[in-house]
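Please read the structure below before turning to the comments.
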Amino acid sequence: MDFEENTVVTDKEQEGKKDGLSILLTTDEDDTRPVYLSGNFNNWATQDRRYLLQKVSNGKYSFRFPDDFIFPNELIYKFTKGDWSEVEIDKYGNKTPNRISNKTFGIQEEHVPKWRKNWLPYRPSQLPKVHLISEEFEIPQLNKTRKVWALLPYDYETSAEHYPVLYLQDAQNLFNENAPFGNWQIDKKLAVMSDYGIGKIIIIAIEHAEKERVLEYNFGKTLLGQGEGKKYIRFIADTLKPFVDKNFRTKSEREYTGIGGSSMGGLVSIFSGLIYPEVYGKLMIFSPSLWVIPKIKFSFLDFFEPMDTKVYLYAGGDESGTMIRHVKKFKKRLLKRESNRERMKVKLSINMEGKHSETYWSDEFPKAIEWLFFSNKEGDI
């Protein structure tokens, strides 16, 4: 190509050259959610208001890069509705490749057929393998048995990989389609997440004790009376985890091991992580029932030596009059000591419309997994 061919531009491009680079986006499927640019120029942040597109009309958006924007060698980006759970997809519901542009001026026209919503739709081929570990797994600490499940990455049987592990309470409400109060849909969420490199994890799901659920999850003496949480916590750390590490390809080190749950399951997971810091490096705590210990003393925090730990705390504003206050107070208490602040990372996520239900915990699950286990991941999103 000779010089003259290189310098030929359209009237539209010549006009755009005066104003830098603008992106014009059209979409077949529109709603009230805002549209953001996310890319290699802002560390792939998904709600960066500097890169919020302006809605021109229904299905049409525009964005103009500021005059002082420093373009990378290649502009690599995607469009999202504010989160990777709400990223652009193709017309068949599949992940799209990253978009690439070498322009620094003119107009870049783009089109998005569809958008994800709450990590759905999913590909059935990516669903985790649901494995029943035992109908009656022995809990010697409580002299009981319990049904325990493992959700294994979809390619577990064809790979040689070792995976991080998350132990979750209340298995009946995690992926059971017939759960009376709904479920977290973690199987479907993990299927979609695997497309984005953040779903390769083993979930160990422990069913609750039905009528004795509160008794098992209650730690020590609280407003609910004397609980058996200490024994239950010892079961997971001393009995279940060694079994899982022996029988599955796990990354058994604490930095790859997490525990979590919601409500009373969140409360017992807090104590699990704080009493066994040598076992768990990640805590996923949704809507914990901190009201049963309103003074939130956690006095033992003043004596234990903290280890590098990540804690994801979630609360909904429409759960109760005290949920957010209790969770904020707990975070403050957790980071009271300077040594804790140096070793513990705590992310507090609040949804002011959030209710105390599986629907909202389902929404939060992928975000928590990504931050706890995969937030340092680089590359294609």
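Just so you know, these numbers come straight off a predicted model, no measurement behind them.
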Y156/H131 under ring-ring contact (aromatic ring centres under 6.0 Å, His included): CA gap, chis, key distance, verdict: CA-CA 11 Å; Y156 184 87; H131 172 76; 9.0 Å; no
side-chain hydrogen bond (donor to acceptor under 3.5 Å, both in side chains) against T104, all qualifying residues, sequence neighbours excluded: none
Pairwise side-chain hydrogen bond (donor to acceptor under 3.5 Å, both in side chains) hits with a residue in residues 274-287, at least two apart: D238-Y276, S287-E319, S287-W361
Heavy-atom neighbours of N102 CG exceed 12 at 6.0 Å: yes
Separation between CG of L174 and CG of L151, rounded to the nearest 0.5 Å: 8.0 Å
Test item: side-chain donor near acceptor, D245 and T250, under 3.5 Å: yes
Short side-chain donor-acceptor distance under 3.5 Å, S320 and H356: no
Minimum heavy-atom distance between G265 and Y217, given as atom pair plus value: N-CD1, 3.6 Å
Distance (rounded to the nearest 0.5 Å) between W184 CH2 and F365 CZ: 7.5 Å
Other ILVMFWY residues reachable from I70 by side-chain steps of under 4.5 Å: none
Listed partners of S362 passing side-chain hydrogen bond (donor to acceptor under 3.5 Å, both in side chains), at least two apart: K189
NZ-OH distance between K367 and Y312, expressed to the nearest 0.5 angstrom: 6.5 Å
Listed once per pair and sorted, the salt bridge (charged side-chain N to carboxylate O under 4.0 Å, His left out) pairs that draw on residues 167-176, sequence neighbours left out: D170-R213
From T257 atom OG1 to F373 atom CZ, the distance as rounded to the nearest 0.5 Å: 7.5 Å
Over-ring placement of K95 relative to Y196, 6.0 Å and 45° cut-offs: yes
Nearest-0.5 Å distance that lies between atom CD1 in I139 and atom OG1 in T239: 9.0 Å
Side chain to side chain contact (heavy atoms under 4.5 Å, CB included) between L75 and L21, intermediate numbers included: CA-CA 11 Å; L75 193 67; L21 177 64; 4.2 Å; yes
same_hphob_cluster(L166, L132) at 4.5 Å side-chain heavy-atom cutoff: yes
Contacts of K81 that satisfy side-chain hydrogen bond (donor to acceptor under 3.5 Å, both in side chains) - sequence neighbours left out: D30, D31
Residues which pass side-chain contact (heavy atoms from CB on, under 4.5 Å) with K114, listed by chain and number, not counting sequence neighbours: E29, I89
Linked, directly or transitively: L52 and I23 (ILVMFWY side chains, under 4.5 Å): no
Check ion pair E86-R116 (N to O, under 4.0 angstrom): no
By side-chain contact (heavy atoms from CB on, under 4.5 Å) - contacts of K129 (at least two apart): L152
K336 backbone acceptor or donor facing R341 side chain under 3.5 Å: yes
Between NE2 on residue H111 and OG1 on residue T26, distance to nearest 0.5 Å: 5.0 Å
Whether F71 and F69 hold their rings parallel, tilted or perpendicular, with breakpoints at 30° and 60°: perpendicular
N/O donor-acceptor pair under 3.5 Å between S134 side chain and E136 backbone: yes
Identified side-chain contact (heavy atoms from CB on, under 4.5 Å) partner of I270 from the options V311, I293, L334, L290: L290
Connected via hydrophobic side-chain network under 4.5 Å: M193 and Y154: no
Step-by-step ring-ring contact (aromatic ring centres under 6.0 Å, His included) determination, F63 to Y51: CA-CA 8 Å; F63 177 81; Y51 301 101; 5.8 Å; yes
Passing option when R146 is tested against E207, E138, E216 for salt bridge (Lys or Arg N to Asp or Glu O under 4.0 Å): E216
Mutual orientation of the aromatic rings belonging to F175 and W149 [parallel < 30°, tilted 30-60°, perpendicular > 60°]: perpendicular
Atom CG of N73: over 12 foreign heavy atoms under 6.0 Å: no
In one Ile/Leu/Val/Met/Phe/Trp/Tyr side-chain cluster, 4.5 Å: W84, Y36: no
H162-Y256 aromatic ring centre distance below 6.0 Å: no
Qualifying salt bridge (charged side-chain N to carboxylate O under 4.0 Å, His left out) pairs, either residue in residues 250-275, two or more places apart: none
E88 side chain to K78 backbone, donor-acceptor under 3.5 Å: no
Same apolar cluster: L24 and V56, side chain cutoff 4.5 Å: no
Taking only distance into account, with no hydrogens and no angle test, what donor-acceptor pairs under 3.5 Å do side-chain atoms of residues 228-237 form with protein atoms, sequence neighbours excluded?
unit_1 : atom_1 : unit_2 : atom_2 : d
Y232   : OH     : Q169   : OE1    : 2.5

Salt bridge (charged side-chain N to carboxylate O under 4.0 Å, His left out) partners of residues 36-48, not counting sequence neighbours, each pair once: D48-R50
Partner set under side-chain contact (heavy atoms from CB on, under 4.5 Å) for S159, not counting sequence neighbours: D155, E161, Y163, R249
Donor-acceptor pair between T27 and W115 side chains, under 3.5 angstrom: yes
